[in-house]
A.B. asks: 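Have a look at this one.
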Amino acid sequence: MILPWLVLIPFIGGLLCWLTENMGLKLPRYIALASMALVLVLSLWLWATGDYQLTAVGDSPSWSQEFRIGWIDRFGITIHLALDGLSLVMIMLTGFLGVLAVGCSWSEITKRVGFFHLNLMWIIGAVVGVFLAIDLFLFFFFWEVMLVPMYFLIALWGHSGSKGNSRIRAAIKFFIYTQASGLLMLLSILGVVFAHYYQTGIFTFDYQVLLDTPIGGALGMVLMLGFFIAFAVKLPVVPLHGWLPDAHAQAPTAGSVDLAGILLKTAAYGMLRFAVPLFPEQSAMFAPVAMALGLIGIYYGAVLAFSQTDIKRLVACSSISHMGFVLIAIYSGSALALQGAVVLMVAHAFSAAGLFIISGQLYERLHTRDMREMGGLFGRIGALPGFALVFVMASLGIPGTGNFIGEFLILFGAFESVPWVVVIASGGLVLAAVYSLVLMHRVYYGAPKADTALEGLRVRETLMLGLLLVLLLLTGFFPQLVLDVSAQSMTEVAQWFSVPSSLQ
Amino acid sequence: MNLTLTHLFAILPLIIVGITVVVVMLSAAWRRHHFLNATLTVIGLNLALASVVWVYFAGQGAVAPDLASSAVGFPTLVTPLVMIDGYALFYMALILVAALACSTLANAYLEGLDEHREEFYLLLLSSTMGAMLLVSSIHMVSLFLGLELMSVALYGMAAYTFKRRVSLESGIKYMVLSAVASSFLLFGMALLYAAYGTLEFASLGLRLVFEDSVGIWTLIGVGMMVIGLGFKLSIVPFHMWTPDVYEGAPAPVSAFLATVSKVAVFAVLVRFMIMSPTFDTKLHTVIAVLAALSMIVGNLLALGQTNLKRLLGYSSIAHLGYLLSAVVALRAGVTDGGGELSFTGQLVLETTGIYLATYVLTTLGAFGVVTLVSSPSRGQDVAQLHHFRGLFWRRPYLAVILTFMMLSLAGIPMTAGFIGKFYVLALNMNEELWWLAGTVVLGSAIGLYYYLRVMVSLYLAEPGEIQRDAAHDWGQRSGGVMVLIAALLTLLFGIYPQPLIDLVQAASPVGY
């Protein structure tokens, strides 16, 4: 029974935040913080008590927790939640970043506090739902539900950008991109379901049942592409990334943290959980294209990041580059690379969240995100540049941080099957160093624009950044903590790639 | 054919509405009292709704009143014109609910009018009666009668606040164009009659089945009927009147037009297509193209609108386009070999029922909020988008309801609109109408833009704007209660649609 509560707590907490809006600014914040902490504690408890050891890989995925209840009988739709290592890692991440998101909007958001936290909580709730749902209809349901609050978050509390590029425009762009591609996924889901129906005469949206539905030929390819496009928009993969820089630049800090930290990861999760296992043959056929897109993403994202003047856009574009590695890992089909992808996702969530929080803190003090108006901040702003340095180094993949482990495992694991892709992808690491150092240089070094001292870090801010830093180093030095949990799930995914034909 | 008590019992809902028309007329002649007449109307509609339920269960044998010597059969054929079956009863109920909602809205709206408030209910009831006749008709004659009874009363309703130029204009525009459409329909029927010598849906279908090639006059006749009905449904390219009429007519009338008249015409169209199947595959191609055009054009034209009523008008064009793909799916007929309803046929009927029900709920909610914010006593209807700016900070619940309705129109999960869209997409996928499914997705993506624009403007505070507001006690008024109920039902069916699906499944027509 713990799984539905993981989903419900944020939704209920959000409503409470809204209802208590009139009772002062503090109350909604504490309610939000408490419900996020509760989600985090519950997921940690699941981690501590559950068994995620690598066991023999069977035909069906092995869940450590399951919850199932009927919903729409007409189509055999159930509320079916299940937890395995991969979802557990993602949910712990979600809970933790949820706490951070509440923390970093503590002083940034002063208007309509209750409604803000309603949206924030509902995003988290829907994301947890995405990570737990294994009924395809339910998955789609949560997938779409998280868009609406995110839309409001950007449209109402965002930063107004340059002319003709307002926050509402960014929000609408985000929404249309993801919603339209989501509908493509719905079409694919329906295609799979009807294929199953005509083979067996049974309507079901259940992932485990549909896994056994062989869909061959061109139809399977088209359906697979429907899934892939939906996830590719969210990841984002390069030709479909147009919404990301705008949405990030215009979103409030909490929104950016959620976007980069967990929303992008829902896409990678979707590929690992649905796109590949449901269509193993087609995915194997499609893998070269996907990896090529990943390579383009790595380079294009890096070049894009290099040419930005807005600090948040830079970080956003660097995410495109990092997600290129994840895409390559997913479609390389090697268990080691897949493990690397999980570590990279976790580490990237920490480092990107750190950089976005720092950008938010800079904005609170300087009221600009334009790097040309910064410069020489080292020494003027307390400990902040020190933290920034660590997160930037993590972003470029310095050993000792989780990012390094992730990228190393991906490149190492994929080398055996696709050496040339790995060789080309490695070049992207150089570019990562370039834009990261440029960021550091432009903002913190160089001639100071003014010599007045700015307000240093407050206790709350130090605490948040310090926590992120510790976790980043923890994943860097003890990646086994993550690897152990996700091993089972990743081995299963790799299995789909290696023996697609034997499973029919 | 003799009319027995059984038959009269079957058309009880129609009779009750008819009696209510007379009663309201007499009462208005006796004493002009707005509240009294409104109450009589609501009572009549509620009684009719109750009788729908009664007739349904009587037919099911759950309550079996011994009314006549002949056993109470269900479905009942009342004269060759009218068939009372589950299908007819379901849509009658939907129409009655929508009419009830519109009359409660009209009550709030008409309060601001100085004179002649009572006749409105007369028109509304007549129009409702026409719509109810329409959904139970299985004959061209009753189709035409119902359609005209519904439309003629609607002309009067659209032009009801005739002191406002736009209202008068919208009434006249609707009348002229509607009359043209009706004559097309009539001509089409005449051609079919000339070719086959019958006006019954069923025997028309029977003739067509045994015919190898369809004659040119038949094709022209059917084409003209499609034009006539397409006009009423505001399918592109017969949609020109829609935004103007929606904008000009009083808000409750626009709501009535968008719900009752669309539901009735669409229901009879589907029944006609089911009973006279396999017309010609060309016809289905034409309908598919019209559907795709409606989705795209309706959504594209809505993009630039600044008036909420116009915008809803264009959005209704797009929605009828989505729904029309259900008719395209009828190309293969609805029966399997053994005369049973096939899987596809079942899905088509469910899609139609669910989509229309969710669309009605959502449209009523949206127009309801517009009606509550606008009122004729303060000059024009205020339906410009900037009038709604920052509504959230003045009337939070009302704004949340409107937001929710916009999301439902856009088909986002957790709203009833999503269930409708889910059905449409499922139907298209099942029928392998790939390109039509793609068009639905494209249309929805375009549609999002303007739904979101409306939504976000509710939350933007703009100092110095002229702020128009709903009355403070809107929540206690009948219109406000109606809007709240619509919102709750939209949420309920969005999260747990199974009851609605069960209801629609029970409402299958006979005679396929």
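Lettering follows sequence order; numbering is per chain, from 1. Quick note: numbers below take in every heavy atom, side chains included, and nothing from hydrogens, waters or symmetry partners.
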A.B. asks: Between A/I168 and chain B, which part of the residue has a heavy atom less than 4.5 Å away: side chain, backbone, both or neither?
C.D. replies: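 The answer is the side chain of A/I168.
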A.B. asks: In terms of heavy-atom proximity below 4.5 Å to chain B, should A/I176 be classed as side chain, backbone, both, or neither?
C.D. replies: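 Backbone plus side chain of A/I176, per the 4.5 Å heavy-atom cut-off to chain B.
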A.B. asks: Between B/L407 and chain A, which part of the residue has a heavy atom less than 4.5 Å away: side chain, backbone, both or neither?
C.D. replies: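 When you check distances to chain A, only side chain atoms of B/L407 fall under 4.5 Å.
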A.B. asks: If you count heavy-atom pairs within less than 4.5 Å of chain A, which of B/F392, B/F418, B/Y496, B/F422 leads?
C.D. replies: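 Between B/F392, B/F418, B/Y496, B/F422, the count favours B/F422.
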A.B. asks: Would you please classify the geometry between the A/F279 ring and the A/F227 ring as parallel, tilted or perpendicular, with 30° and 60° separating the classes?
C.D. replies: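 Judged by the thresholds at 30° and 60°, the geometry between A/F227 and A/F279 is tilted.
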A.B. asks: By a 4.5 Å heavy-atom criterion (distance strictly below it), what part of A/F175 contacts chain B: side chain, backbone, both, or neither?
C.D. replies: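 Both parts, backbone and side chain.
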A.B. asks: Tell me, side chain or backbone of B/E432 under 4.5 Å from chain A's heavy atoms, or both, or neither?
C.D. replies: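 Contact with chain A involves no heavy atom of B/E432 at all.
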A.B. asks: Could you check whether A/Y198 and B/N430, counting side-chain N and O atoms only, form a donor-acceptor pair closer than 3.5 Å?
C.D. replies: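 Per modelled atom types, B/N430 and A/Y198 side chains form a pair under 3.5 Å.
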A.B. asks: Answer with side chain, backbone, both or neither: which region of B/L452 has an atom nearer than 4.5 Å to a non-hydrogen atom of chain A?
C.D. replies: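 Contact with chain A is through both the backbone and side chain of B/L452.
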A.B. asks: Between B/I446, B/N428, B/I495, who has the most heavy-atom pairs with chain A when the cutoff is under 4.5 Å?
C.D. replies: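 If we count pairs closer than 4.5 Å to chain A, B/I495 comes out on top.
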A.B. asks: Regarding B/Y355 and B/H319, is there a side-chain donor-to-acceptor distance under 3.5 Å anywhere?
C.D. replies: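 On atom types as modelled, these side chains qualify, holding a pair under 3.5 Å.
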A.B. asks: Given the options A/Y177, A/F142, A/W143, A/F115, which has more heavy-atom pairs under 4.5 Å with chain B than any of the others?
C.D. replies: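 Going by pairs under 4.5 Å, I would pick A/F115.
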A.B. asks: Is it the backbone or the side chain of A/V148 that comes under 4.5 Å from a heavy atom of chain B, or both, or neither?
C.D. replies: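 For A/V148, the contact with chain B is made by the side chain alone.
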A.B. asks: Counting only heavy atoms from other residues, nucleotides and ligands, does the tally under 6.0 Å from OH of B/Y449 exceed 12?
C.D. replies: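 Check fails, neighbour count at 12 or below.
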A.B. asks: For B/V456 and A/A155, which heavy atoms make the closest approach, and how far apart are they?
C.D. replies: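 Closest approach of B/V456 to A/A155, heavy atoms only: CG2-CB, 3.7 Å.
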A.B. asks: Highest number of heavy-atom pairs under 4.5 Å with chain A: which of B/G438, B/G411, B/P396, B/P497?
C.D. replies: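 Top count of heavy-atom pairs under 4.5 Å with chain A: B/P497.
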A.B. asks: B/Y423 and B/E350: side-chain donor and acceptor closer than 3.5 Å?
C.D. replies: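 Short answer, yes.
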A.B. asks: Over 60° means perpendicular and under 30° means parallel, so tell me whether A/F205 and A/F137 are parallel, tilted or perpendicular.
C.D. replies: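 The rings of A/F205 and A/F137 stand perpendicular, inter-plane angle above 60°.
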A.B. asks: Is it the side chain or the backbone of B/V400 that comes within 4.5 Å of chain A heavy atoms, both, or neither?
C.D. replies: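 For B/V400, the contact with chain A is made by the side chain alone.
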A.B. asks: Parallel under 30°, tilted from 30 to 60°, perpendicular over 60°: which one fits the rings of A/F203 and A/Y197?
C.D. replies: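 A/F203 and A/Y197: parallel rings.
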A.B. asks: Within the 3.5 Å criterion, strictly below it, is a donor on B/Y450 or B/N299 matched to an acceptor on the partner's side chain?
C.D. replies: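 Short answer, yes.
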A.B. asks: Given a strict heavy-atom distance threshold of 4.5 Å, which part of A/L187 is in contact with chain B: side chain, backbone, both, or neither?
C.D. replies: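 For A/L187, the contact with chain B is made by backbone and side chain together.
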A.B. asks: Is A/L219 in contact with chain B via its backbone, its side chain, both, or neither, using a 4.5 Å heavy-atom distance?
C.D. replies: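 Only the side chain of A/L219 comes within 4.5 Å of chain B.
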